[in-house]
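For reference, the structure is listed below as structure tokens.
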Amino acid sequence: MGEAPAFFVDNLQNGFSNGFGLKSKGFETFTDVGDKTFVIGGANSDSTSSVGIQIYDKSTGKWVIPTVLGTKPKTCKGHSAILLNEDRIMISIRGSTPDDCIWFLEVDTEYVKEQKKDFGTEVVAWSKGVTGEAEKPVVISGPSGVGKGTLINMLMKEFPSMFGFSVSHTTRAPRGMEKNGVHYHFTERNVMENDIKHGKFLEFASVHGNLYGTSIEAVEAVADSGKRCILDIDVQGARSVRASYLDAVFIFICPPSMRELEERLRARGTETEDQILKRLRNAEAEIEQGESSGIFDYILYNHNLEECYENLMELLGLGGSAPIKQKPSSKVIDPPSNHSVSKINNKMVLIVRRKKWETRRRT
Ligand SMILES: Nc1ncnc2c1ncn2[C@@H]1O[C@H](COP(=O)(O)OP(=O)(O)OP(=O)(O)O)[C@@H](O)[C@H]1O
Ligand SMILES: Nc1nc2c(ncn2[C@@H]2O[C@H](COP(=O)(O)O)[C@@H](O)[C@H]2O)c(=O)[nH]1
């Protein structure tokens, strides 16, 4: 499995015996890089208003205070730290402002190696994390009945000028209220297969016994309207889009339990018993892949609809007590306060949980 986050320090706020002979405030993380342990935060900070760094050299048994380059994050009461590429540590700061929560500490990059030669000391360098995700298309996946459509409808209703739905093609029959061209392009299998053969689809998959697919035209229609495209597709489709030219944000919606998923599917009353059972069987594999395949950037748990919607809005840069109604101008990662960051198959995954759930640690 991938490496575990170095530490989730908010479990340790009453202080602890850290085994390094360090006087602990309980806000440190310890990250091993080769022979060195980087201690971020803590009692020996070089200043009370910023996050301090100390290095424990295991080969000499000595502590070193490095030269710190770059602008540092302000002091924080909780953060997690994850080593990336053996040369930088990603710091996720809890409870900070959206544009101030992700930082990188370079510890062994080419730049740092150069600076070490110049300074003749240990060197680390801070930089602030900023991503270009704010305008990317949004791929939403998750097992049938988890609430994808419900969440997307809420988003489209609240932000009609910001988001546009990619209308998929499907060979399944329309449900009672579904309109052709609005919910789906309902189509014959031979027509769709022919269009697939002629390269008209960005992705397609056989889902619960029917053919579903996103046409290139569907995505382009949204882009032409100047809106941010939302795709509601299954995990196979998400995998294909991940491998395609479309640079999107991938969000997986997870149910609180299989029992709850079954109740939602049954309560919706749109499927026959056979179809419900088929969808539930498929759900287990989808959840497994959603959580561990590395396709998804974010995993949201839809236990409480309002909470999940709030978290979705925050991920999309629409958070805050007064929702922003126009496109956000800054492109930043915007995780909610109840998040943890994990590394799956070398990709960073932000896991957003119910407010009172414990933070999961991967082993
Ligand atoms: N958090 C929630 N708590 C309880 N019920 C919910 C919640 N979220 C959604 N639902 C209900 O669950 C049912 C399934 O939701 P929805 O149709 O949005 O699922 P879906 O993921 O889009 O499914 P499909 O992939 O089959 O289209 C709906 O009746 C919806 O009202
Ligand atoms: N790969 C794709 N999957 C799609 C697409 N459109 C919808 N879906 C997924 O199918 C299931 C079932 O949907 P339903 O409307 O029959 O309940 C669900 O998981 C959708 O996300 C698509 O274009 N490609």
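Ligands are counted one by one from 1 in listed order, and the atoms in each one are counted from 1 as well. The figures here come from the full heavy-atom set of this structure, side chains too, leaving out hydrogens, waters and symmetry mates.
- Grouping the Ile, Leu, Val, Met, Phe, Trp and Tyr side chains by contacts below 4.5 angstrom, directly or via other members, places I230 with L318.
- Contact atoms of ligand 1 toward G149: 18 (O), 20 (P), 22 (O) (distance under 4.0 Å to a heavy atom of the residue).
- Contacts of E188 classified as salt bridge (Lys or Arg N to Asp or Glu O under 4.0 Å), with partners at least two apart in sequence or in another chain: none.
- At a 4.0 Å cut-off, not a single heavy atom of E263 sits close enough to ligand 1 to count as contact.
- No continuous path of hydrophobic side-chain contacts links M177 to Y184 [ILVMFWY only; heavy atoms under 4.5 Å].
- Under a 4.0 Å N-O distance rule, the pair R264/E260 qualifies as a salt bridge.
- Each of the atoms 21 (O) of ligand 1 lies under 4.0 Å from some heavy atom of P143.
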Between ligand 2 and the protein, give all atom pairs where both partners are nitrogen or oxygen and the distance is under 3.5 Å, as lines of names plus distance to 0.1 Å.
from     : atom 1 : to   : atom 2 : distance (Å)
ligand 2 : 1 (N)  : E203 : OE1    : 3.0
ligand 2 : 1 (N)  : D234 : OD1    : 2.8
ligand 2 : 3 (N)  : D234 : N      : 3.1
ligand 2 : 6 (N)  : S168 : OG     : 3.2
ligand 2 : 6 (N)  : D232 : O      : 3.3
ligand 2 : 13 (O) : Y184 : OH     : 3.3
ligand 2 : 15 (O) : R172 : NH2    : 2.9
ligand 2 : 15 (O) : Y184 : OH     : 2.5
ligand 2 : 16 (O) : R172 : NE     : 2.6
ligand 2 : 16 (O) : Y212 : OH     : 2.5
ligand 2 : 16 (O) : R279 : NH2    : 3.0
ligand 2 : 17 (O) : R175 : NH2    : 2.7
ligand 2 : 17 (O) : R279 : NH1    : 2.8
ligand 2 : 21 (O) : D232 : OD1    : 2.6
ligand 2 : 23 (O) : S168 : OG     : 2.6
ligand 2 : 23 (O) : E203 : OE2    : 3.3
ligand 2 : 23 (O) : G213 : N      : 3.3
ligand 2 : 23 (O) : G213 : O      : 3.1
ligand 2 : 23 (O) : T214 : N      : 3.4
ligand 2 : 23 (O) : T214 : OG1    : 3.3
ligand 2 : 24 (N) : E203 : OE1    : 3.4
ligand 2 : 24 (N) : E203 : OE2    : 2.7

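- When hydrophobic clusters are built by joining Ile, Leu, Val, Met, Phe, Trp and Tyr residues whose side-chain heavy atoms come closer than 4.5 Å, directly or via intermediates, Y245 is not grouped with F201.
- Residue V249 is grouped with residue L151 when hydrophobic side chains (ILVMFWY) are merged at heavy-atom distances under 4.5 angstrom, including chains of intermediate members.
- With respect to the salt-bridge test (charged N to carboxylate O, under 4.0 angstrom), the residues D247 and K136 qualify.
- Assignment of G142 to the shell around ligand 1 is not supported, since no heavy atom sits closer than 4.0 Å.
- Every atom of ligand 1 with a heavy atom of K148 under 4.0 Å away is listed here by number and element: 18 (O), 19 (O), 20 (P), 21 (O), 22 (O), 23 (O), 24 (P), 25 (O).
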